[in-house]
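Below is one structure, written out as structure tokens; comments come after it.
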Amino acid sequence: MSALLEVQGLTRRFGGLTAVSDVSFAVSEGEIFGVIGPNGAGKTTLFNVIAGHYKPSAGTATFSGRGISGLRSDVIARLGIARTFQAVHLFAAETVAENLRRARVLSTSHGPFAYLRSFGTGRREPDLRDVATFVGLGPLLDQTAGGLAYGLQKMLGIGMALMVTPKLLLMDEPAAGLNPSEKRAASALIRRLRDERGISILLVEHDMPLVMGVCDRILVVNQGKPIAIGSPDAVKADPAVIDAYLGDDYEFA
Amino acid sequence: MIEQMIVNGLLAGFIYIIMALGFTLIFGIMRIVNFAHGEFYMAGAVVVLFLFGALGWNFFLAVVMAGFLAAALGIVIERVLFRPLVGNELPGMIMSLAVGITLQSIALILFGPSEQSIERPFSGTWQLVNAVVPWDRTVVAIAALVILAAFYLFLKYSRLGLAMQAVAQDRETASLMGVESGLIYASAFGIACALARLAGGLMAPIYTIGPYMGELPMLKAFVVVILGGLGSVPGAVLGGLLIGLSESVLSTLFSSTTALIASFTIVLLIVVMRPTGLMGRGAP
Amino acid sequence: MKRLILLAAIVILAVLPWLANNRYVFHIATMIAIMAPLALSMNLMLRIGQLSMAHSAFMGIGAYASALLTMRLGLPPLASLLCGGVLAALTALVLGPVFLRIKGVYFVLLTYAFGQIVNLVFQEWTSLFGGNSGLYGIPKFSLAGYRLTAVSQYYVLALLFTAIAYWMVRAIERSDIGAILQSLNEDEMLSRSIGADALSWRIAVFTFSAAIAGISGGIYAFYIGFLSPQAFGFQLSVDLVVMNVIGGTSAALGPLLGAIVVVPLPELLREAKQYQLLIYGLCLMVFLIFIKQGLVSLIDRPRRKPA
Ligand SMILES: Nc1ncnc2c1ncn2[C@@H]1O[C@H](COP(=O)(O)OP(=O)(O)OP(=O)(O)O)[C@@H](O)[C@H]1O
Ligand SMILES: [Mg+2]
């Protein structure tokens with residue numbers, strides 16, 4: 001297994017606060033890699049830096065052997081890193097189908113020149129229905145996105161990210177706010193993303209049973225700093241991790 | 001020559017500072033670029049024209065009265081016209097254009113397009129080192145300093161001033177801490193209007209008074225405030241002095257249009273390179 | 001259906017000047033037809049969420065360029081007109097990468113400063129632009145040896161360009177570009193995370209809309225035959241914004257309606273400038289507070305967003 005994403009000493013400061021501090025790890029091709037840590041640990045910031053929404057203060061990120069730190073977020077997305085957001089982001093007034101269609105248009109016609117080129121090729125991939133069915137929105141294509149149940153809105157977010165045909169998907173708390181059965185579906189979906197579509201996953205999630213269940217390896221961060229990395233079982237037993245979560249009512253199931 | 005340029009520059013600078021104070025206050029608190037600022041200034045001069053010029057009030061009393069009237073009007077305008085648009089930058093800006101146009105038209109209807117002037121309450125000059133300093137501008141500069149000091153004390157020590165600073169810094173947090181933002185907006189707008197009118201009233205004897213007199217101070221406030229940092233009071237002070245001095249030098253050496261082009265070029269560069277200005281904080 | 005009736009109404013309005021057959025009516029109609037594409041170009045900017053105070057400068061660049069290229073270099077008017085548009089577009093293309101990184105209020109300030117600088121240059125460089133006393137002696141527009149002399153002929157020229165500009169903006173609105181611009185405006189972070197190059201799209205829109213403004217400026221120059229910097233000041237950009245607010249920004253029809261309503265105002269109230277301003281100011285307030293979506297929303301109810 002070769003490293004798909006390699007992060008070296010990544011650091012991001014906001015004024016005096018170091019939200020991400022000297023984080024290093026590597027995600028292999030086909031891996032589901034978890035990042036956990038208490039609230040405010042810097043997980044979302046880590047995603048934002050990798051995805052190019054923030055510039056790193058120090059450190060590098062390499063994707064498929066290519067340096068990506070400091071690139072714009074849309075360039076990184078086009079290289080094959082898609083992401084979902086912790087808060088729901090979608091075009092609320094449009095239908096599910098239109099949301100997915102827009103995602104496809106935005107990625108294929110990413111700029112004016114790409115738009116002009118797209119006339120020549122007439123490429124219409126990936127297929128809307130395919131993706132909608134994959135994330136469980138098949139029957140709901142004509143529903144208004146803003147009117148969907150919260151869990152389904154999150155699924156739509158994943159569907160839109162899939163329109164980029166990513167090699168790596170960064171998922172920021174996909175199961176937050178879902179009910180138990182939706183959570184089961186979400187964890188199955190994460191596995192299917194890898195098994196059926198060959199997408200590697202970087203997953204931030206507070207739901208410990210889910211994380212421990214789906215992840216191959218897990219990085220634990222606290223106050224921006226990495227404190228442990230390894231298999232779910234190894235991480236669960238790590239005293240530093242137990243310490244970090246002490247007082248929090250997390251359950252290590 | 002050099003002394004004269006510096007003195008002229010500083011005097012102009014103080015005038016620019018008080019032209020800019022109200023403008024920067026409204027932006028800092030309400031995030032509105034108030035294009036009506038020049039018209040509030042004009043209204044101040046018109047009130048002074050009436051009270052001092054026509055009714056023979058004491059000059060300073062007339063200026064203070066203009067300030068009070070402005071504050072009252074400002075509070076009403078904020079409540080009725082701007083409050084429905086809070087948080088919407090562009091409509092807020094367009095509303096300020098509408099207010100400016102309306103005030104200007106009212107002045108036109110009342111006074112016609114002609115320019116008027118009032119008798120100067122202060123005249124003559126005095127000598128400072130090698131520079132000749134006119135008394136009328138000296139009075140304005142001193143008054144500007146007094147207003148600035150009062151405004152500073154108000155922001156620093158009064159409850160309202162502190163609350164305003166809190167809102168300017170972070171609207172959400174301030175409202176979580178129980179600062180009533182509606183009250184703050186209304187009073188900020190009132191105070192800003194009053195500041196604009198005080199400036200206009202003070203300047204009334206120096207420039208001619210007419211419906212279009214607000215354009216120049218609007219322009220100056222704009223340049224000064226962008227240079228110093230939108231929303232920053234110390235920035236307005238620094239910006240005012242810098243622009244006053246640079247204009248004085250450039251217009252003595254070249255022409256006043258050159259000075260104006262230079263000001264706008266500075267504005268352009270500042271916004272591109274450091275949108276928050278010299279003293280502004282936070283990212284836009 | 002309503003749209004059809006409306007379009008029919010606009011067509012009738014467009015031929016009205018011939019029925020009236022009055023020079024003055026033709027003049028107002030021509031001014032509407034010159035301003036309408038400008039209002040449309042401002043509409044494109046508002047669609048990318050940027051209020052531009054530079055459009056008066058783009059119009060000025062197009063106007064002076066068309067006039068000077070014909071006067072000094074003897075270019076055929078149509079070529080000068082197009083060159084004026086290209087020059088305005090190039091200016092936007094050069095400025096865009098720097099200006100469009102900046103959003104909201106700061107973009108307004110930036111374009112305002114740029115507009116002022118361009119205007120001051122028109123005023124100051126008297127040997128080229130004629131300064132505040134104006135640039136005189138612009139030849140009449142001519143095409144293939146046919147000289148346009150009557151107002152009605154300029155009206156046709158301006159109307160033709162309005163139709164082209166309207167058709168283009170409609171085409172953009174309906175195509176995927178419309179969806180892309182709307183997405184970028186609604187949720188830039190999401191759109192970029194899917195790969196959309198926000199800056200390039202904005203530059204494209206800025207450039208295209210500057211081209212429209214420049215060509216309108218050229219038509220204006222040939223029509224009026226005299227240019228002065230005041231015509232391309234801050235007030236013009238404000239007027240363009242006002243046309244959009246009053247007409248509505250959500251559809252290409254909005255700025256068109258805005259131009260039809262706003263442009264005749266100063267002409268109708270020529271004798272009473274103060275009342276013109278008063279009506280202008282008060283209308284703007286009413287629209288901003290009560291009719292936020294502009295006149296189009298009264299005709300064409302916009303899709304309701306779910307709560
Ligand atoms: N744009 C920003 N400016 C300043 N501080 C920020 C910014 N973004 C995040 N932070 C700070 O960085 C720290 C890490 O935040 P982050 O959102 O990355 O945490 P997180 O691990 O995702 O938390 P949660 O589990 O609650 O989502 C927090 O203290 C936060 O306040
Ligand atoms: Mg987070």
Side-chain angles (χ1 to χ4, degrees), chain B residues 27 31-33 35-36 39 77 80-85 88-95 97-113 211 215 218-219 222-223 225-226 230-231 255 257-258 260-273 275-277 284, chain C residues 45-46 49-51 53 95 97-99 101-121 123-126 131-132 233-235 237-239 241-242 244-246 249 269 272-290 292:
Chain B
F27 182 82
R31 302 279 137 185
I32 286 176
V33 175
F35 283 103
E39 275 66 41
I77 288 180
V80 176
L81 298 177
F82 285 94
R83 191 72 61 83
L85 306 174
N88 275 339
E89 269 182 3
L90 295 185
M93 209 149 45
I94 300 169
M95 179 57 90
L97 284 168
V99 171
I101 293 170
T102 309
L103 284 177
Q104 199 173 61
S105 71
I106 291 173
L108 266 169
I109 291 167
L110 293 180
F111 300 99
E215 281 164 22
M218 176 71 233
L219 226 64
F222 220 83
V223 173
V225 160
I226 295 170
L230 262 171
S255 75
T257 315
T258 315
L260 210 53
I261 293 182
S263 308
F264 282 119
T265 311
I266 294 172
V267 165
L268 216 119
L269 293 177
I270 291 264
V271 178
V272 169
M273 273 146 35
T276 47
Chain C
M45 292 306 294
L46 294 172
Q50 301 277 47
L51 197 157
M53 290 283 148
L95 295 175
V98 179
F99 278 24
R101 274 171 218 280
I102 288 154
K103 298 209 187 81
V105 174
Y106 291 91
F107 181 78
V108 180
L109 301 178
L110 198 58
T111 49
Y112 174 80
F114 171 74
Q116 293 288 333
I117 292 173
V118 170
N119 208 270
L120 288 168
V121 171
Q123 288 175 37
E124 197 58 6
W125 193 348
T126 41
N132 274 323
F234 171 62
Q235 191 58 44
S237 294
V238 173
D239 289 347
V241 174
V242 171
N244 274 284
V245 170
I246 289 187
T249 53
L269 297 165
K273 179 129 199 287
Q274 60 272 37
Y275 294 103
Q276 170 207 327
L277 281 176
L278 189 65
I279 294 172
Y280 209 83
L282 294 178
C283 280
L284 209 49
M285 290 177 188
V286 168
F287 273 87
L288 279 169
I289 294 185
F290 298 110
K292 288 195 183 72

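The sequence lines fix the lettering, A, B, ..., with proteins before strands; numbering per chain opens at 1.
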message: Given heavy-atom pairs under 4.5 angstrom as the criterion, report whether the side chain, backbone, both or neither of B:Leu81 touches chain C.
response: both

Contacting region of B:Val223 [heavy-atom separation from chain C under 4.5 Å]: neither

statement: Rounded to the nearest 0.5 Å, the OG1 atom of B:Thr258 sits from the CD atom of C:Glu124 at a distance of 5.5 Å

- request: Find the distance between CD1 (B:Ile261) and CD1 (C:Ile117) and round it off to the nearest 0.5 Å.
  value: 7.5 Å

- prompt: Between B:Ile101 and C:Tyr280, which heavy-atom pair has the shortest distance, and what is it?
  reply: CD1-CD2, 3.6 Å

query: When heavy-atom pairs shorter than 4.5 Å are enumerated against chain C, which of B:Leu85, B:Thr265, B:Ile106 gives the highest number?
result: B:Thr265

- request: Hey, could you give me the CG/CD1 distance between C:Leu110 and B:Ile226, rounded to the nearest 0.5 Å?
  value: 8.5 Å

- prompt: Considering only heavy atoms, which portion of C:Val108 lies under 4.5 Å from any heavy atom of chain B: side chain, backbone, both, or neither?
  reply: side chain

message: Quick check: closest heavy atoms across B:Val271 and C:Tyr106, and the distance to 0.1 Å?
response: CG1-O, 3.6 Å

task: Please state whether the side chain, the backbone, both or neither of B:Ser263 comes within less than 4.5 Å of a heavy atom of chain C.
output: neither

- prompt: Which residues satisfy the salt bridge (charged side-chain N to carboxylate O under 4.0 Å, His left out) test with B:Arg83, sequence neighbours excluded?
  reply: B:Glu78

- line: Heavy-atom nearest pair, C:Gly281 first then B:Thr102, reads CA-OG1, 3.4 Å

query: Taking every heavy-atom pair that is under 4.5 Å apart, which of B:Ile109, B:Ile32, B:Val267 has the most such pairs with chain C?
result: B:Ile109

query: Which bit of C:Phe99 is near chain B, if near means a heavy-atom gap under 4.5 Å: side chain, backbone, both or neither?
result: side chain

task: Please round to the nearest 0.5 Å and tell me the distance separating atom OG1 of B:Thr257 and atom CH2 of C:Trp125.
output: 15.5 Å

- request: With B:Ile94 as reference, evaluate C:Val238, C:Leu288, C:Asn244 under the side-chain contact (heavy atoms from CB on, under 4.5 Å) test and give the passing residue.
  value: C:Leu288

message: Within this structure, what is the CE-CD1 distance for the pair B:Met273 and C:Ile102, rounded to the nearest 0.5 Å?
response: 10.5 Å

Sole candidate of C:Val245, C:Leu284, C:Ile289 that passes side-chain contact (heavy atoms from CB on, under 4.5 Å) when paired with B:Met95: C:Ile289

task: Can you see which heavy atom on C:Val105 is nearest to which on B:Val33, and at what distance?
output: CG1-CG2, 3.0 Å

B:Phe222 and C:Tyr112 aromatic ring geometry - parallel, tilted or perpendicular at 30°/60° bounds: tilted

- request: Please assess B:Val99 against C:Met285 for the test side chain to side chain contact (heavy atoms under 4.5 Å, CB included), listing each intermediate value before the final yes or no.
  value: CA-CA 8 Å; B:Val99 171; C:Met285 290 177 188; 4.0 Å; yes

task: Could you tell me the separation between the CG atom of B:Leu268 and the CZ atom of C:Phe114, rounded to the nearest 0.5 Å?
output: 8.0 Å

- prompt: Considering only heavy atoms, which portion of C:Phe107 lies under 4.5 Å from any heavy atom of chain B: side chain, backbone, both, or neither?
  reply: neither

- prompt: For B:Val272 and C:Val98, which heavy atoms make the closest approach, and how far apart are they?
  reply: CG1-CG1, 3.3 Å

- prompt: Looking at C:Leu277 and B:Ser105, what are the two nearest heavy atoms and their distance?
  reply: CB-CB, 3.4 Å

